[in-house]
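To keep things clear, I will list the structure first and then write my remarks on it.
Only heavy atoms go into these numbers, but all of them, side chains included; no hydrogens, no water, no symmetry mates. None of these values were measured; they are calculated from a predicted model.
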Amino acid sequence: GAEIARALAKKKVVNPLETQYWSMAPYLFGDRAMKYTAKPCEIHEGVYKATDSPDFLAENMAANLASGEGCFAFMVQLQGDPEKMPVEDPTVEWDGKASPFVKVADIRIPSQSFRSEEQMSFCENLSMTPWHALPEHRPLGGINRLRRVVYENGSRLRHEMNGTTPKEPTAGPDFLPTGAPATGADT
């Protein structure tokens, strides 16, 4: 656990589309526990830089998506020995040799502009929670159960402060600026 934290602290993120993400806590994968990672399909070394702008991550992501799509390889690591790969202790790193990550899909984010005032307002009023999942992919373990309560309360407070009611997004027009044509695919 501490080794992972030290390694992550050393890495400077300059573009959210060019960093690897991990679940840390496990999820259900059918009838087994798993952890996942999303690894960028490609990295443009040196193209994106940290700047003095407080919004440089969004600016770099917007520049990336203006010139092409974003892509992540989505991989899962199935739980092997439950003693060595516990569900209830996310500080234990699961052995990648005993149970390697296996690619199951690509996540493709189409080239787009996402910084209109309308889109930013829509984004501000979304609620992120790991519990937005199919039952067979639900979060597992005490950390995820705690996250459910924290995320629900944070969302409720943010919606109250913004004077809005929670709304679940749907594919298509919810994500497009007014007047933009829908592409038809659920991407």
Side-chain angles (χ1 to χ4, degrees), residues 1-43 50 57-58 61 70-109 122-162 164-171 174-175 186-187:
E3 288 178 42
I4 295 170
R6 279 192 291 277
L8 290 174
K10 290 180 186 177
K11 182 163 174 52
K12 177 84 172 167
V13 176
V14 296
N15 181 349
L17 297 174
E18 293 188 349
T19 192
Q20 188 167 356
Y21 299 89
W22 291 268
S23 62
M24 301 308 288
Y27 289 74
L28 195 60
F29 191 73
D31 61 353
R32 296 186 61 187
M34 65 91 175
K35 291 186 178 183
Y36 65 81
T37 186
K39 184 177 181 179
C41 297
E42 75 180 295
I43 295 179
L57 290 172
M61 187 165 65
C71 176
F72 290 91
F74 188 78
M75 299 180 278
V76 299
Q77 179 186 33
L78 296 176
Q79 181 188 42
D81 180 350
E83 295 294 319
K84 294 179 182 173
M85 299 176 156
V87 166
E88 293 295 338
D89 187 354
T91 65
V92 175
E93 185 175 359
W94 289 9
D95 184 354
K97 289 184 180 156
S99 181
F101 279 96
V102 176
K103 181 179 170 182
V104 294
D106 281 334
I107 301 169
R108 298 197 173 278
I109 304 165
F122 178 77
C123 179
E124 175 62 22
N125 291 303
L126 288 176
S127 294
M128 186 338 219
T129 173
W131 291 87
H132 282 175
L134 297 171
E136 53 272 6
H137 297 152
R138 76 179 180 279
L140 298 174
I143 292 293
N144 275 325
R145 288 188 298 276
L146 177 63
R147 289 172 74 196
R148 182 178 204 164
V149 174
V150 170
Y151 280 59
E152 286 172 354
N153 286 316
S155 174
R156 185 173 36 260
L157 177 62
R158 190 176 73 254
H159 284 96
E160 287 173 8
M161 292 176 71
N162 289 347
T164 62
T165 55
K167 176 186 172 197
E168 291 294 319
T170 59
D174 279 352
F175 296 101
D186 286 5
T187 52

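- Pairing each heavy atom of His159 with each of Ser127, the nearest pair is CE1-OG, 2.9 Å.
- Side-chain atoms of Asn144 and Tyr27, non-hydrogen and from C-beta on, do get closer than 4.5 Å to each other.
- The side-chain heavy atoms of Met61 and Asn15, taken from C-beta on, include a pair separated by under 4.5 Å.
- Contact of the Lys12 side chain with the Val14 side chain is registered, since non-hydrogen atoms from C-beta on lie closer than 4.5 Å.
- Atom CZ of Phe74 and atom NZ of Lys39 lie 15.0 Å apart (nearest 0.5 Å).
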Begin with the C-alpha distance, continue with both residues' side-chain angles, and end with the deciding distance and a verdict on side-chain hydrogen bond (donor to acceptor under 3.5 Å, both in side chains) for Thr37 and Gln20.
CA-CA 7 Å; Thr37 186; Gln20 188 167 356; 2.7 Å; yes
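- Contact annotation: the side chain of Phe29 never approaches that of Tyr36 to less than 4.5 Å [non-hydrogen atoms, C-beta and beyond].
- The side chain to side chain contact (heavy atoms under 4.5 Å, CB included) search around Arg156 returns Asn153, Glu160, not counting sequence neighbours.
- Scanning both residues, Glu42 and Glu18, for their nearest heavy atoms gives O-CG, 4.2 Å.
- Here the closest non-hydrogen pair linking Pro90 and Met24 is CB-O, 3.9 Å.
- In summary, the side chains of Ser99 and Gln79 do not present any donor paired with an acceptor at a separation below 3.5 Å, with no hydrogens or angles considered.
- Residues Tyr151 and Met128 come closest through the heavy atom pair CD2-O, 2.7 Å.
- Of all the heavy atoms in Leu78 and Arg32, the pair that sits closest is CD1-NH1, 3.5 Å.
- In this structure the side chain of Ile143 reaches within 4.5 angstrom of the side chain of Arg147, judged on heavy atoms.
- Scored by the side chain to side chain contact (heavy atoms under 4.5 Å, CB included) test, Cys123 finds no partners at all (sequence neighbours excluded).
- Summarising the geometry of Asp106 relative to Cys41, their closest heavy-atom pair is OD1-SG, 4.2 Å, with the distance given to 0.1 Å.
- Formation of a donor-acceptor pair under 3.5 Å by the Arg138 side chain with backbone atoms of Pro135 is found in this model.
- Here the NZ-OG distance, from Lys35 to Ser23, works out to 6.5 Å after rounding to the nearest 0.5 Å.
- Of the N and O atoms on the side chains of Thr164 and Asn162, not one donor lies less than 3.5 Å from an acceptor on the other residue.
- Glu136 CD: more than 12 foreign heavy atoms inside a 6.0 Å radius.
- When side chains are defined from C-beta on, Gln77 does not count as touching Pro100, because their heavy atoms never get closer than 4.5 Å.
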